[in-house]
Amino acid sequence: MKILISGASIAGPALALWLARYGFEPTVVEIAPSLRGGGQAVDFRGEAHFTVLERMGVLDDLRARRTHGSPMTFVDERGRARLHLPSDFAAGELEVLREDIARVYYDHGVRAGARYVFGDSITDLHQRNDAVDVTFASGRQEQYDLVIGADGVHSNVRRLAFPAGEYESYLGYYVATWELPNYLGLPPGSLNYNVPGRLVSVGRAYRDAARAGAFLMFKSDPIAYDRHDVEQQKEILRRAFGDLAWETPRLLASLADAKELYFDSISRVDIEPWSTGRVGLVGDAACGATIGGMGTGTGTVAAYVLAGELAQAGGDHRTAFERYERLVRPYAQGTQVGGDRTGKFLAPATTFGRMARDGLLSRKFLLNAMLKVGQEVSSKIELPSYVTPVTARN
């Protein structure tokens, strides 16, 4: 079977790896000209994540690239420390840069037989009884047995293939990240400054001590903007943070030279079902949250199950899609809930809310309890052991 996957972030390359090993013919199409660089460090935690990583054969590679976490220090407007969180608070059991995860999945998938097409995207889908006709932005037209959207919260495949509906829910906050020189000479870790409804953070880059990363978050009513207009997004940030003290003016000034800017709303996706005919969704496209929803680990687990069910069903997509969703949906919805709290946690709307957060997090036993909850939520799925007669080609 020829299977087209849209999106080369995390879930897409994970799915392509498994499908190739099961003897399918997966092609990943990605609008970017190459695998995307940058991005935050993300974590794996809990039995389910590590079981799948071990079965994928990528765990050793990821451990070799681990960041070991980054401590977080919250400061006042004069830079005086108010709260310190240890590195293991955000790092889980294994923290890796998002770009490194994508690269490891990509390398293993290509060796197994997965094919990648960069610098292109899907513009039209037409389903027939026995195939899906796909038109690409490049003008190419191809036919596939299945199409899978692994293209994130703002999924293009979901927009093209599923009935019109409000599948994205805005959760009240916007986030932005970009790189800049490490002018503060920061050691590993980040400094974080709060005022009600806003967070300004800067931390040293993991690999290059001369570079740093800015991370801004702010509470807002929905903003109408062009997702492809970077200058407009920079101006939104200048308006939202232009009155703040601490290092905020210097961080905003660095926007002028920023080569890449990530700007997005904090939103969640809720759609049912996750498939229509020969088109399915996986990862954040099906049940995601922009930040805080354990999307990397959940997408990796979901890709494992989807590919395994397709192999076990002999390519019968109806049976496979139904089994996949029945098994993964409750799990993904459980991890997704964390995204609802991210904005309120990092940028509390009131001074009292910030003080309450700081007071709770200053108690070590509460920190440990939060870590334990994260491990339990990320493991609430019974993973099948899929058996296939096809020999892996890597």
Identify, with sequence neighbours excluded, every residue that meets side-chain contact (heavy atoms from CB on, under 4.5 Å) alongside Arg239. Glu235, Ile236
When you look at Glu247 and Tyr193, which way does the side-chain contact (heavy atoms from CB on, under 4.5 Å) test go after all the steps? CA-CA 9 Å; Glu247 295 294 328; Tyr193 171 59; over 6 Å; no
For Thr248 versus Ala245, what's the shortest heavy-atom pair and its separation? OG1-O, 2.7 Å
Contact summary for Leu251 and Ala214, nearest pair of heavy atoms: CD2-CB, 4.4 Å
Atom NE2 in His154, atom CZ in Arg227: separation rounded to 0.5 Å? 4.5 Å
Going by heavy atoms in the side chains, are Glu142 and Leu4 under 4.5 Å from each other? no
Kindly compute the distance separating CE (Met1) from CG (Asp145), expressed to the nearest 0.5 Å. 4.5 Å
Using a 3.5 Å cut-off and no angle test, enumerate the donor-acceptor pairs between side-chain atoms of residues 195-202 and protein atoms at least two apart in sequence or in another chain.
residue, atom, partner, partner atom, Å
Arg198, NH1, Ala240, O, 2.7
Arg198, NH1, Asp243, OD1, 2.8
Ser201, OG, Leu191, O, 3.4
Ser201, OG, Asn192, OD1, 2.8

Just list the side-chain donor-acceptor pairs under 3.5 Å for residues 304-322, sequence neighbours left out, or say none.
residue, atom, partner, partner atom, Å
Tyr304, OH, Arg55, NH1, 2.6
Tyr304, OH, Pro384, O, 2.5
Glu309, OE2, Tyr386, OH, 2.8
Asp316, OD1, Arg318, N, 3.2
Asp316, OD1, Thr319, N, 3.4
Asp316, OD2, Thr319, OG1, 2.9
Glu322, OE1, Arg326, NH1, 2.7
Glu322, OE2, Arg326, NH1, 2.5

Between Val175 and Tyr262, is a side-chain contact (heavy atoms from CB on, under 4.5 Å) present by the stated rule, with each step listed? CA-CA 8 Å; Val175 293; Tyr262 170 84; 3.9 Å; yes
Sidechain-backbone polar pair: Lys234 side chain, Leu255 backbone, donor-acceptor under 3.5 Å: yes
Mutual orientation of the aromatic rings belonging to Phe24 and Tyr22 [parallel < 30°, tilted 30-60°, perpendicular > 60°]: perpendicular
Indicate the atoms forming the closest heavy-atom contact of Gly283 with Ala11, along with that distance. CA-CB, 4.1 Å
If we only count heavy atoms from C-beta on, is the Met72 to Leu346 side-chain gap below 4.5 Å? yes
So do Thr298 and Gln336 actually touch side chain to side chain, heavy atoms under 4.5 Å? no
Is there a path of hydrophobic side-chain contacts, each under 4.5 Å between heavy atoms of I, L, V, M, F, W or Y residues, that connects Tyr116 with Ile5? yes
Is the backbone N or O of Val279 less than 3.5 Å from a side-chain atom of Thr276, with the two atoms forming a donor-acceptor pair by type? no
For Lys344, side-chain contact (heavy atoms from CB on, under 4.5 Å) partners two or more places apart: Tyr173
Would you say that Val301 contacts Val328 through its side chain, given a criterion of any heavy-atom pair below 4.5 Å between the two side chains? no
Can you find a pair of side-chain heavy atoms, one from Val117 and one from Phe136, that are under 4.5 Å apart? no
Leu35 and Phe118 have their tightest heavy-atom pair at N-CE2, 3.5 Å
Looking at Arg65 and Asp61, would you say the former's side chain and the latter's main chain have a donor-acceptor pair under 3.5 Å? yes
Nearest heavy-atom neighbours spanning His108 and Met56: ND1-O, 4.4 Å
Does Arg128 have more than 12 heavy atoms from other residues, nucleotides or ligands lying within 6.0 Å of its CZ? yes
Between Arg98 and Arg36, is a side-chain contact (heavy atoms from CB on, under 4.5 Å) present by the stated rule, with each step listed? CA-CA 9 Å; Arg98 180 179 290 274; Arg36 297 178 187 269; over 6 Å; no
Report the distance from atom CD1 of Ile271 to atom CD of Glu168, rounding to the nearest 0.5 Å. 10.0 Å
Does atom CD of Glu54 have more than 12 heavy-atom neighbours from other groups under 6.0 Å away? no
Please step through side-chain contact (heavy atoms from CB on, under 4.5 Å) for the pair Leu237 and Leu261, ending with a clear verdict. CA-CA 11 Å; Leu237 291 171; Leu261 171 70; 4.1 Å; yes
Heavy atoms, side chains only, cut-off 4.5 Å: are Tyr324 and Val282 in contact? yes
Side-chain donor or acceptor of Thr135 paired with backbone N/O of Thr123 under 3.5 Å: no
Is Val269 linked to Leu160 within one hydrophobic cluster, defined over Ile, Leu, Val, Met, Phe, Trp and Tyr using a side-chain heavy-atom separation of less than 4.5 Å? yes
Can you list the residues that meet the side chain to side chain donor-acceptor pair (under 3.5 Å) rule with Thr51, with sequence neighbours excluded? none
Are the side chains of Arg211 and Pro181 in touch, meaning some heavy atoms are under 4.5 Å apart? yes
If Ile, Leu, Val, Met, Phe, Trp and Tyr residues are connected whenever their side-chain heavy atoms lie under 4.5 Å apart, and connections chain through other members, are Ile148 and Phe162 in the same group? yes
Less than 4.0 Å between a side-chain N and a carboxylate O, is that true for Asp107 and Arg103? yes
Identify whether Trp274 and Val153 are in the same connected component of the hydrophobic contact network (ILVMFWY, side-chain heavy atoms under 4.5 Å). yes
Could you check whether the rings of Phe218 and Tyr174 sit parallel, tilted or perpendicular, using 30° and 60° as the cut-offs? parallel
Looking at OG1 of Thr67 and CG of Leu94, how far apart are the two atoms once the value is rounded to the nearest 0.5 Å? 8.0 Å
Tell me, please, whether Phe74 has Arg354 positioned over its six-membered ring: NZ or CZ under 6.0 Å from the ring centre and within 45 degrees of its axis? no
What are the two closest non-hydrogen atoms of Ala285 and Asp151, and how far apart are they? CB-OD1, 4.0 Å
Could you tell me which residues satisfy side chain to side chain donor-acceptor pair (under 3.5 Å) with Trp178, sequence neighbours excluded, listed by chain and number? Ser254
Would you check if there is a donor-acceptor pair between the side chains of Arg82 and Asn194 at a distance under 3.5 Å? no
Considering only heavy atoms from C-beta outward, does the side chain of Tyr144 approach that of Arg278 to under 4.5 Å? no
Take atom CD1 in Ile31; do more than 12 heavy atoms of anything else shown fall under 6.0 Å from it? no
With Ile3 as reference, evaluate Leu15, Leu146, Thr27 under the side chain to side chain contact (heavy atoms under 4.5 Å, CB included) test and give the passing residue. Leu146
Which value, rounded to the nearest 0.5 Å, describes the distance between Cys287 atom SG and Arg268 atom CZ? 6.5 Å
With no hydrogens and no angle check, is any side-chain donor or acceptor of Gln143 less than 3.5 Å from a backbone partner on Ala131? no
Using the rule that two of Ile, Leu, Val, Met, Phe, Trp, Tyr join whenever any of their side-chain heavy atoms come within less than 4.5 Å, decide whether Val75 and Phe345 are in one cluster. no
Can you tell me how far the CG atom of Leu281 sits from the CG atom of Asp284, to the nearest 0.5 Å? 11.0 Å
